[in-house]
*Asks:* 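First the structure, which I've put down as structure tokens, then a few questions once you've had a look.
Source: prediction; values computed, not measured.
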Amino acid sequence: CERCQCHGEDKHTAILYTLLSQNLSHSRGGRSPTQQRCLCQQRRTVCLRTPHVTCQAASNVLVKTISFMKNLPSFQLLPREDQLLLLDSCWVPLFLLGLVQEMVTFEVMETPAPSMLKKILLDGQSQRQEPEWTQPTLAAVQRLQCCLNSFWSLDLSPKEYAYLKGAILFNPDVPGLRASLYIESLQREAQRALEEVLQALHPEDQGRFARILLIASTLKSIPPALITDLFFRPVIGNTDIMELLAEMLCE
């Protein structure tokens, strides 16, 4: 893979990858050191294998996510500005929890590269065209699927999902909130309700509450751009996802 970037500016990253991948050398059929340290596969852009099916399922989950927020009386009592700030901050982790709860699975495939003829024909026209959205990388999608798998391993009950969503939604640390103290009290209430449910359902598992919150924190590390490009760009094109979500919330 001499033409890739693994031998250039990412040399140190490639070396680290080689060290971390040593345990996998036997299961990979004895690949050469060059193949083991090459990061090209992780950098490859991917898209959904069945976009029609997956995007429809994702859209249904998104509608349910916004409906969850709209149907909370305590959320509706907040100033509209605070509602929009919380929406912008938490729609991704709430949506991902919805994917887990609805058992939505998906597969990706490598994005087909444009043909040489297309590149020649479109050469010089890129500035006059609207910019296309970026395609997710394989590494980013694998991180996302790892987070989802971690939640599936918890096997949460409906009540656990509901109170966890409330704890994520009412985040008093979002900058610019007008009712941050009230939102903080709502978060404490949701967390306390979650603890009570866990004590009733899993009295023998004292560490489950901390484990749920820890895994939930990983959802916040998933970039909104990744979720948008993977699940919604095939449907909404270059439309601003936040404008759509705000309209859905205010309907």
*Asks:* Enter the distance from Leu198:CG to Asp205:CG here, rounded to the nearest 0.5 Å.
*Replies:* 8.5 Å
*Asks:* Hey, are the side chains of Cys147 and Leu96 touching, using non-hydrogen atoms and a 4.5 Å cut-off?
*Replies:* no
*Asks:* Between Asn60 and Gln56, is any side-chain donor less than 3.5 angstrom from a side-chain acceptor?
*Replies:* yes
*Asks:* Does any part of the side chain of Leu78, heavy atoms only, come nearer than 4.5 Å to the side chain of Phe170, both counted from C-beta?
*Replies:* yes
*Asks:* Within the 4.5 Å heavy-atom criterion, are Gln191 and Glu195 side-chain neighbours or not?
*Replies:* no
*Asks:* Heavy-atom distance under 4.5 Å between the side chains of Val46 and Thr137, does that happen here?
*Replies:* no
*Asks:* Can you name the residues that form a ring pair (Phe, Tyr, Trp, His ring centres under 6.0 Å) with Phe106, not counting sequence neighbours?
*Replies:* Phe231
*Asks:* Can you list everything that forms a side chain to side chain donor-acceptor pair (under 3.5 Å) with Glu81? Sequence neighbours excluded, please.
*Replies:* Arg178
*Asks:* Gln101: what forms a side chain to side chain donor-acceptor pair (under 3.5 Å) with it, not counting sequence neighbours?
*Replies:* Lys165
*Asks:* Tell me, do Leu86 and Phe75 make a side-chain contact under 4.5 Å, heavy atoms counted?
*Replies:* yes
*Asks:* Can you name the residues that form a salt bridge (Lys or Arg N to Asp or Glu O under 4.0 Å) with Asp88, not counting sequence neighbours?
*Replies:* none
*Asks:* When you compare the side chain of Asp82 with that of Tyr182, does any pair of heavy atoms fall below 4.5 Å?
*Replies:* no
*Asks:* Using the ring pair (Phe, Tyr, Trp, His ring centres under 6.0 Å) criterion, which residues pair with Phe232? Sequence neighbours excluded.
*Replies:* Phe95
*Asks:* Could you tell me whether the side chain of Ile66 reaches within less than 4.5 Å of the side chain of Leu94, counting heavy atoms only?
*Replies:* no
*Asks:* Would you say Trp91's side chain and Leu245's backbone share a donor-acceptor pair under 3.5 angstrom?
*Replies:* no
*Asks:* Only counting residues at least two apart or in another chain, list the ones meeting side chain to side chain donor-acceptor pair (under 3.5 Å) with Thr54.
*Replies:* Thr50
*Asks:* In Å, rounded to the nearest 0.5 Å, how long is the span from CD of Gln83 to CG of Leu169?
*Replies:* 9.5 Å
*Asks:* Can you tell me which residue pairs pass the salt bridge (Lys or Arg N to Asp or Glu O under 4.0 Å) test with a partner in residues 180-192, sequence neighbours excluded?
*Replies:* Glu184-Arg188
*Asks:* Give the table of side-chain donor-acceptor pairs shorter than 3.5 Å for residues 215-228, with sequence neighbours excluded, one pair per line with atom names and distance.
*Replies:*
{"unit_1": "Ser217", "atom_1": "OG", "unit_2": "Leu214", "atom_2": "O", "d": "2.4"}
{"unit_1": "Thr218", "atom_1": "OG1", "unit_2": "Ile215", "atom_2": "O", "d": "2.4"}
{"unit_1": "Ser221", "atom_1": "OG", "unit_2": "Thr218", "atom_2": "O", "d": "2.5"}
{"unit_1": "Thr228", "atom_1": "OG1", "unit_2": "Pro224", "atom_2": "O", "d": "2.8"}

*Asks:* Among pairs that include at least one residue of residues 239-251, which meet side chain to side chain donor-acceptor pair (under 3.5 Å), considering only residues two or more places apart or in two chains?
*Replies:* none
*Asks:* State, with a plain yes or no, whether a side-chain heavy atom of Leu230 is found less than 4.5 Å away from one of Leu144.
*Replies:* yes
*Asks:* Side chain to side chain donor-acceptor pair (under 3.5 Å) with Ser157: which residues, sequence neighbours excluded?
*Replies:* Glu160
*Asks:* Taking all heavy atoms of Arg211 and all of Leu154, pick out the closest pair and write down the distance.
*Replies:* NE-CD2, 4.0 Å
*Asks:* Among residues two or more places apart or on two chains, list those pairs meeting side chain to side chain donor-acceptor pair (under 3.5 Å) that have a residue in residues 67-76.
*Replies:* none
*Asks:* Within this structure, what is the CG-CG distance for the pair Leu186 and Leu181, rounded to the nearest 0.5 Å?
*Replies:* 11.0 Å
*Asks:* Give every residue pair that meets the salt bridge (Lys or Arg N to Asp or Glu O under 4.0 Å) criterion with at least one member in residues 139-158, sequence neighbours excluded.
*Replies:* none
